Amino acid sequence: MENKSIDYDAMGDTEFRAALRTWLEDVYPENWKQTPRRPLLRIRGKDARAWIKMLCEGGWRCPAWPKEYGGMELSFKKQIIYHEELERIRAGRIIDGGEQMIGPTLMAYGTDEQKRKYIEPTRTGEYLWAQGYSEPGAGSDLASLRTKAELEGDHYRINGHKIWTSHADECSHMYALVRTTVSEKKQVGITFILIDMETPGISVRPIKTVAGEDELCEVFLDDVMVPKENVVGEPDNGWTIAKALLGYERVWIGNPGPAARYLDLACELIMKDETDSSLKDELAKTICDMHDFRVLYETMCHSISPDSEIGPEFSILKIISADMLRDISELNARASGQYSQLDSDVEIDGALTNIGWQFFTARAQAIFAGSNEIQRNIVAKRVLNL
Ligand SMILES: Cc1cc2nc3c(=O)[nH]c(=O)nc-3n(C[C@H](O)[C@H](O)[C@H](O)COP(=O)(O)OP(=O)(O)OC[C@H]3O[C@@H](n4cnc5c(N)ncnc54)[C@H](O)[C@@H]3O)c2cc1C
């Protein structure tokens, strides 16, 4: 499993950047690049698997994972370079909850058997993971979840309904929170379990987003039998694991990349002689804010040590990234003048854009992975002790 193809440690930062840039320029397909029209383009389904396979074959998969799990185990400086180069080539995003969330969670909390069974296929993209947390009555108040799991012999019988499950129709597996015991304290009695999406009794129904994408799903579980060895950690004690995983998610979602893509579009729309000077002033301020955000992100991520949990202060990154996306999408709408009301493709001075799409897509960032209001509550209570 160990990744021995390239000795990254022996490379200086400049050499590392050049090697990755050359590889990306050679292999990265044009049709998977983000464009002004789709600044947050996602690579989906079989394309996502194909891209992960290319990364594996090139020796560029899982930059933060330890080498013993086939990762690159890069220094933090090299991880930043890695992401800068993907941004530079405008690589599409993939929903890779496997690399970013369940992989690190299993490394920390999984049994030896779970590590053996799930980590390598997650690295190679054979397994893609959906997150089965939210339910119709349990979003911000996640601990109210009611999907029930009852132990029958060696299996849990699971019945319930998950919602807003990103890309569930393309994923092979789902990590989910289920209720195994009803107790006075809602957080007690929740179990974290791994579910193969091919198990009989699972049906998935896509939901269109306000931007017209079919990325969200409902997942119905009717008498789904899941082996008890698929529980991660102790039964009834899944809340601790769920919270740890959300920490990894906040670091991933709080990165400045998406807002930077929106800023590229703002530069394209605003940096012209004839543009109103108030828009130019606002753009200049936003470019400075983006610089500060990058420095903050790098400083905070630099403080993460392999043995410690991600602290509540990381909520700040998610709040800033969502606020910046919202503000820049509004700036782009204002800068596109008469086209700002259109919810369709439009060419502005040679650039093909979709102002409605980028405006609506930016909204999601303030909701998923715990809404910005909830993140602010976390910062108020757990960081500022208010
Ligand atoms: C694009 C997208 C992708 C998603 N992907 C997934 C996924 O893959 N898996 C998954 O499990 N879930 C996913 N979600 C669901 C997401 O986590 C929930 O939407 C989110 O947690 C909010 O829950 P809710 O929608 O039930 O809203 P509610 O909890 O009903 O909140 C409604 C509003 O009230 C506010 N509010 C609620 N409680 C408080 C409070 N105590 N203090 C202040 N304000 C409060 C909220 O901030 C929000 O503005 C996704 C959502 C989106 C938009």
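It should be emphasised that the depicted structure is a prediction, and the values quoted were computed from it without experimental measurement. One-based numbering, in listed order, for ligands and for the atoms of each. Positions are given from 1, in the same order as the sequence printed here.
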K.L.:
Less than 4.0 angstrom from a charged side-chain N to a carboxylate O is my criterion; do E150 and R157 meet it?
P.N.:
no
K.L.:
May I ask you to check whether W60 and F16 place their ring centers less than 6.0 Å from one another?
P.N.:
yes
K.L.:
Compute both the distance and the angle, then confirm whether R116 meets the cation-pi test with Y118: under 6.0 Å from the six-membered ring centre, within 45 degrees of the axis.
P.N.:
no
K.L.:
Measure from the side-chain N and O atoms of T181 to the backbone N and O of S183, and report whether any donor-acceptor pair falls under 3.5 Å.
P.N.:
no
K.L.:
What are the distances between nitrogen or oxygen atoms of ligand 1 and protein nitrogen or oxygen atoms, counting only those under 3.5 Å?
P.N.:
unit_1	atom_1	unit_2	atom_2	d
ligand 1	5 (N)	W164	O	2.9
ligand 1	5 (N)	S166	OG	2.9
ligand 1	8 (O)	W164	O	3.4
ligand 1	8 (O)	S166	N	2.9
ligand 1	8 (O)	S166	OG	3.3
ligand 1	9 (N)	Q131	O	2.7
ligand 1	9 (N)	Q131	OE1	3.4
ligand 1	11 (O)	Q131	O	3.2
ligand 1	11 (O)	Y133	N	3.0
ligand 1	11 (O)	S134	N	2.7
ligand 1	11 (O)	S134	OG	3.2
ligand 1	12 (N)	S134	OG	2.8
ligand 1	23 (O)	S140	N	3.3
ligand 1	29 (O)	S140	N	2.9
ligand 1	29 (O)	S140	OG	2.6
ligand 1	42 (N)	N377	ND2	3.1
ligand 1	47 (O)	S371	OG	2.5
ligand 1	47 (O)	E373	OE1	2.6

K.L.:
Can you pull the ring-ring contact (aromatic ring centres under 6.0 Å, His included) pairs that have at least one residue in residues 197-238, sequence neighbours excluded?
P.N.:
H161-F220
K.L.:
Under 6.0 Å between ring centres: does that hold for Y28 and W51?
P.N.:
yes
